[in-house]
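Counting from 1, the numbers follow the sequence of the chain as shown.
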Amino acid sequence: MKNWALLLAALVACIALPLVMGSFQYYSGILVYAVVLALLGLSVNLTVGYLGYISFGHAAFFGLGAYTAALLISNFGVNFWVALLIAPIPAALLGGIVGFVSLRVGGSYFAIATLTVGEILHLVAGAWMDVTKGPLGIVVPRPRLPFMEGLGLVFHQYYLMIALALLVLVVFTLYRILTGPVGRSWKVIRESAALGESMGIPTLRYRVYNVALSGAIAGLAGALLIPRSAVVVPEVFSSGISATGLLIAILGGKGTLVGPLLGGAVFAALPESLRFIDEFRMVIFGVILLIVVRARPSGLVSLIPSFGRKSKTLSAKASKATVEPHFEPAPPLQVRDLGKTFGGLRAVDGVNLEVRSGEVVGLIGPNGAGKTTCLSLISGFERPSRGEVMLGDRNLVGLPSSKLAQLGVVRTFQQTAVCAEMTVFENVLAAVPHKETMLSSVLRGPGYVRRAQAREAEAYAILAMVGIESAVNQIAGSLPYGDQKMLSVAVALATRPGLLMLDEPAAGLNHTEAGRLSKLLGRLRDSGLSVLLIDHNLKLMMSICDRIYVIERGSPLADGAPAEVRANPKVIEAYLGTSRKEETINAAG
């Protein structure tokens with residue numbers, strides 16, 4: 001109800017403000033320009049602040065939206081207000097294409113791709129005289145709304161009214177998306193794409209969604225500028241537009257919705273207020289921007305604490321819900337003749353292992369033996385050079401890691417992988433599987449609400465299972481190291497795994513914390529969950545594992561029950577360098 005009340009208040013302000021500005025056409029024009037810049041800043045901020053990818057060419061989407069509307073009006077006689085709604089579509093398609101092509105190979109390529117596409121469109125717009133009129137541009141007559149004029153409103157009033165209403169609706173839509181499962185997935189990808197994949201998030205697809213939506217908003221901003229300028233010229237594709245959008249996002253505050261609104265207002269109003277300085281105004285404007293960014297690295301939004309970055313916290317209803325975590329047993333995992341070669345280096349060579357349903361299997365070996373590489377091969381983060389990875393009757397080789405996570409094959413990482421800027425609760429909630437779309441996140445019907453409450457209750461139950469529910473609303477990055485380790489396990493458990501692969505979960509834990517972990521692993525085994533465990537804590541491994549496999553230099557060395565492995569001279573030699581220290585390794589049991 002609070003969100004709807006804020007939306008209603010904002011829409012009322014959209015009507016009231018233009019009415020008050022009835023005799024101030026100049027200031028109405030500045031406000032409209034501030035709205036356009038705010039929309040541009042929001043679009044850039046969506047990729048920079050929430051996805052973590054720098055864009056140097058958002059002018060490509062901005063200009064495409066402007067030219068789409070102008071061509072529809074001039075060539076096909078489409079009403080401007082209709083063209084305004086159509087213009088974001090080509091920009092969204094271009095964003096999806098650019099995102100799909102460039103994000104497959106890395107974030108830096110995205111920055112280069114956007115810049116390149118913007119420059120190409122700039123050249124095309126300037127040279128294609130038959131369509132774009134080249135440097136002369138496309139002249140667009142001022143649009144009219146007879147209905148509004150019949151109410152006694154003049155153009156600059158209802159133009160501002162519509163611009164403000166569109167801004168409010170865009171902000172409301174983004175708020176709904178960003179506080180839903182899709183938005184949380186973007187934040188996870190921003191922190192670590194590998195972590196997102198391990199949660200079952202198809203990161204490429206979600207990144208394309210983000211860039212497409214960002215392109216649509218930029219295209220809307222470009223089309224909305226037309227009545228103010230009355231002509232569309234190739235400069236709408238210029239790098240200056242892209243730089244302005246990026247600076248607005250940075251100046252206002254990345255990763256917030258309020259920041260671009262503040263940045264857009266500053267960029268629209270400050271240069272105008274400095275006109276009395278004439279030719280020096282842009283220089284002084286630039287100096288002011290540098291001072292603000294230096295003094296406030298988090299942006300102007302940091303001046304308003306209540307509007308900073310907000311993470312999802314536990315609701316009272318979720319904390320009272322009684323949900324018992326349930327794990328569907330996975331079919332047996334069989335790894336046959338697994339091998340991986342990096343150039344001339346054989347990192348893994350002929351490894352065979354089996355993990356049956358409801359057992360804890362250990363994988364040990366000296367540092368550099370290839371244990372983590374084995375986990376990466378099994379979980380889809382690396383493709384084997386040879387061998388099979390069978391889950392029941394299904395060969396997992398070649399499947400993406402996110403798909404394997406969706407099938408219940410989930411891994412953790414050696415280095416603690418959590419989203420440091422999100423709360424403990426939101427970290428786990430982001431990993432709970434969902435089938436929500438951006439549309440369902442915006443509409444939030446009764447079905448969505450029920451599913452969201454169920455996901456929240458499940459996330460809290462997982463936190464209670466691992467014993468860190470008391471820190472539920474803390475920022476994850478502020479947790480002690482041991483609790484961060486347990487949080488990373490909780491995140492993996494929230495994905496509803498059937499086979500959980502833990503990579504050194506006890507590394508850095510003290511005796512008490514390791515005991516806590518051992519008890520948790522015992523509970524997971526009793527619940528039917530299969531666990532493949534890598535760790536250098538031999539006491540933990542010998543006490544909890546049903547069977548242990550040992551590898552050295554990528555090759556199998558021994559396997560069997562813990563007692564057999566502990567007494568194996570080859571294992572003792574691999575770990576300690578001499579079989580005479582058998583008593584030492586026996587003590588680990």
Side-chain angles (χ1 to χ4, degrees), residues 194 196-205 325-341 346-365 370-413 431-435 489 491-503 521 523-534 544-551 554-561:
E197 289 282 332
S198 72
M199 290 181 178
I201 300 170
T203 56
L204 176 61
R205 187 195 312 166
H326 173 72
F327 305 103
E328 195 69 31
L333 175 78
Q334 289 187 322
V335 176
R336 302 167 183 163
D337 193 30
L338 192 66
K340 180 64 177 178
T341 302
R346 293 184 179 180
V348 176
D349 187 14
V351 169
N352 298 279
L353 62 85
E354 180 181 11
V355 183
R356 306 184 192 106
S357 299
E359 70 173 358
V360 178
V361 173
L363 181 62
I364 65 174
K371 305 181 297 295
T372 295
T373 303
C374 280
L375 235 61
S376 297
L377 296 173
I378 296 170
S379 58
F381 283 89
E382 294 282 353
R383 185 168 186 132
S385 302
R386 74 170 195 271
E388 289 183 332
V389 180
M390 304 294 297
L391 186 68
D393 297 328
R394 184 165 190 171
N395 193 345
L396 304 183
V397 173
L399 295 179
S401 49
S402 60
K403 179 63 176 177
L404 293 183
Q406 293 168 10
L407 292 173
V409 180
V410 179
R411 68 162 296 179
T412 64
F413 300 89
V432 177
H434 70 89
K435 294 184 179 179
V489 175
V491 167
L493 291 173
T495 64
R496 303 172 189 161
L499 169 63
L500 179 62
M501 298 183 289
L502 301 175
D503 194 356
L521 292 175
R523 288 182 61 191
L524 294 176
R525 175 173 52 196
D526 294 341
S527 70
L529 185 66
S530 305
V531 179
L532 178 58
L533 179 64
I534 294 177
I544 194 64
C545 293
D546 298 299
R547 290 180 296 110
I548 293 178
Y549 291 86
V550 187
I551 60 174
S555 301
L557 184 65
D559 65 85

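Remark: His326 NE2 to Leu529 CG distance equals 11.0 Å, nearest 0.5 Å. In this structure, OG on Ser379 lies 12.0 Å from CG on Leu399, to the nearest 0.5 angstrom. Within the model, atoms CE of Met199 and OG of Ser401 stand 12.5 Å from one another, a figure rounded to the nearest 0.5 Å. Between the CG atom in Leu353 and the CD1 atom in Ile551 there is a gap of 8.5 Å [rounded to 0.5 Å]. Considering CG of Leu377 and CG of Leu338, their distance stands at 5.0 Å, rounded to 0.5 Å. Separation of atoms CG (Leu499) and CZ (Phe327) is listed at 12.5 Å; rounding is to 0.5 Å.
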CA sep, side-chain torsions, deciding dist, call: Val348, Arg386, side-chain contact (heavy atoms from CB on, under 4.5 Å): CA-CA 10 Å; Val348 176; Arg386 74 170 195 271; over 6 Å; no

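Salt-bridge formation is detected for the pair Arg525/Asp546: a Lys NZ or Arg NE/NH1/NH2 atom is positioned less than 4.0 Å from an Asp or Glu carboxylate oxygen.
Shown are Ile548, Leu533, Leu532, Val531; of these, the side chain to side chain contact (heavy atoms under 4.5 Å, CB included) with Val361 is made only by Leu532. The side chain to side chain donor-acceptor pair (under 3.5 Å) test with Ser376 singles out one residue from Arg411, Glu382, Lys371, and that residue is Arg411.
Of the possible donor and acceptor atoms, one in the side chain of Ser530 sits under 3.5 Å from a partner among the backbone N and O of Gly358. The backbone N or O of Met390 sits nowhere less than 3.5 Å from a side-chain atom of Gln334 that would complete a donor-acceptor pair. Looking at Asn352, its side chain does come within 3.5 Å of a backbone N or O of Gly350 through a donor-acceptor pair.
Nearest heavy atom pair, residue Pro202 against residue Ser402, reads CA-OG, 3.8 Å. Closest heavy-atom contact between Asp503 and Thr372: OD2-OG1, 2.9 Å. The two residues Tyr549 and Glu354 make their nearest non-hydrogen contact at OH-N, 3.1 Å. When all heavy atoms are compared, the tightest approach of Ala431 to Val491 is CB-O, 3.3 Å. In terms of heavy-atom proximity, Thr341 sits nearest to Ser385 at N-OG, 3.0 Å. In plain terms, the two heavy atoms of Ile378 and Val409 that are nearest each other are O-CG1, 4.4 Å.
Within the 4.5 Å cutoff, the side chain of Leu407 has heavy atoms near those of the Arg394 side chain.
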